[in-house]
Amino acid sequence: MNNLVSNLNYFKGLLLPTTKVMAMVKAFSYGLGTYEVAKLLEENNVNYLGVANTYEGIELRNAGIKLPIMVMKPEVDSFDLVIENQLTPTIFSLFSLKKLIDSISDSNPLVISLKIDTGMNRLGFYENEIPELLSILNKNPFLKIESIFSHLAASDNSDHNEFTLNQIKRFKYISKSISSQFDYSIDLHILNSNGIINFNDYQFNMVRLGIGLYGVCSDTQVQKKLKCASTLKSKIAQIKIVKKNESIGYNRSGLAKSDLKIATIPVGYADGLNRTLSNGNWNMIINGHKAPIVGNICMDMVMLDVTNIDCKEGDNAFVFSDLNPISEMAKKIGTIPYEILTSYSPRVKRVFLQN
Ligand SMILES: *Cc1c(COP(=O)(O)O)cnc(C)c1O
């Protein structure tokens with residue numbers, strides 16, 4: 001918890017004092033645990049929370065979170081729940097706008113967020129849809145635009161800086177063309193974590209901080225300033241000596257070329273430990289030493305070679321930690337840290353530590 005707050009404060013230090021922070025807590029707060037993280041962020045005065053779907057937002061409301069919550073891709077069939085739970089729906093298409101209006105039974109004011117597509121080509125309005133958007137909004141004055149935002153496709157890749165600057169330019173132009181039609185102030189935002197680092201001049205009114213909060217950044221200088229916000233810890237369930245020429249685990253893919261001391265750890269692919277890390281592709285940390293995976297990762301267990309490590313049953317085994325970080329694990333299996341963090345299953349117990 002302290003490390004998470006430290007990362008939040010590091011990013012706040014990169015922002016103007018007036019820039020608001022939306023903390024992204026979608027996907028179980030990037031795998032860490034939605035309520036506890038959201039509560040901590042609320043206590044540390046972030047301005048906004050961001051979730052992906054309506055149900056994630058409802059979970060936070062049911063847990064007592066009072067901060068404004070933006071839902072990035074509310075299911076069109078869930079707009080009644082969005083309204084009931086005082087969530088802010090992102091409207092990204094004329095279809096979603098019309099569905100929202102259809103599901104409103106009164107004319108109480110309702111805040112919405114508008115998403116503009118400036119080159120990601122995923123969700124959001126294109127420039128040519130803005131006139132129709134404005135005309136519908138004018139006919140439904142109870143809809144109040146709280147923010148207009150867009151998302152950068154390559155904020156951490158300098159090969160695409162020109163493209164990114166163009167996205168920002170387009171965003172500025174389109175958002176102005178909308179906001180100038182209304183007499184109230186509207187928050188504008190486009191920067192994610194890497195955007196804050198690489199395109200700091202374009203904070204507008206708010207930024208959307210995600211992965212950086214959880215201690216990961218693709219900028220190596222910044223990475224050094226961030227703190228590891230999560231480790232996955234297990235304990236050695238059993239240690240055995242496997243004789244030379246015996247095999248270890250399914251399909252006998254782990255072979256003992258000499259007598260080996262093998263530790264069985266009760267974490268498997270059903271917990272989120274990617275099976276392609278089998279057969280030496282990953283090391284866990286036991287008593288400060290690297291212990292390679294031997295054989296195939298099983299559903300609920302994995303075996304490690306601890307022949308040269310002083311250890312005993314019950315000792316801690318770190319699947320990932322600051323010594324074997326998820327950024328390295330991601331490289332090993334050809335993915336990004338986001339996927340690693342979000343793929344640890346709900347049966348892995350989350351424990352929150354505060355100094
Ligand atoms: C997830 C997400 C973010 C946060 O991105 P990070 O790279 O994790 O900082 C920001 N904006 C949108 C629209 C997102 O979906």
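Note that ligands are numbered from 1 as they come in the structure, with each ligand's atoms numbered from 1 the same way. Residues take their numbers from the sequence shown, with the count starting at 1.
- The protein heavy atom nearest to atom 9 (O) of ligand 1 is Ser193 OG, 2.5 Å.
- Asn7 and Lys227 share no donor-acceptor pair across their side chains, judged by distance under 3.5 Å alone.
- Among pairs with a residue in residues 328-337, none fulfils salt bridge (charged side-chain N to carboxylate O under 4.0 Å, His left out), at least two apart in sequence or across chains.
- Scanning the protein for heavy atoms near atom 15 (O) of ligand 1, the closest one is Lys26 NZ, 2.6 Å.
- Met303 shares a hydrophobic cluster with Val242, Ile248, Leu260, Ile262, Val294; the chain of contacts runs through ILVMFWY side chains whose heavy atoms sit under 4.5 Å apart.
- In this structure, Tyr214 falls outside the shell of residues with a heavy atom less than 4.0 angstrom from ligand 1.
- Backbone and side-chain nitrogen or oxygen atoms of Lys115 are examined, and none is located within less than 3.5 angstrom of a nitrogen or oxygen of ligand 1.
- Backbone and side-chain nitrogen or oxygen atoms of Met72 are examined, and none is located within less than 3.5 angstrom of a nitrogen or oxygen of ligand 1.
- An N or O contact shorter than 3.5 Å is missing between Phe149 and ligand 1 by distance.
- Annotation: atom 7 (O) of ligand 1 to nearest protein heavy atom, Tyr338 OH, 2.6 Å.
- Atoms of ligand 1 lying under 4.0 Å from at least one heavy atom of Tyr30, given by number and element, are 1 (C), 4 (C), 5 (O), 6 (P), 8 (O).
- Looking at Ser147 and Ser113, their side chains do bring a donor and an acceptor atom within 3.5 Å of each other.
- Within the 4.5 Å cutoff, the side chain of Asp117 has no heavy atoms near those of the Ser150 side chain.
- Residue, atom and distance of the protein heavy atom nearest to atom 5 (O) of ligand 1 are Asn192 CB, 3.5 Å.
- With no hydrogens or angles considered, no side-chain donor-acceptor pair links Asn161 and Thr164 at under 3.5 Å.
- Among all non-hydrogen protein atoms, the one lying nearest atom 10 (C) of ligand 1 is Arg208 NE, 3.4 Å.
- Annotation: side chain of Leu32 is not in contact with side chain of Arg350 (no heavy-atom distance under 4.5 Å).
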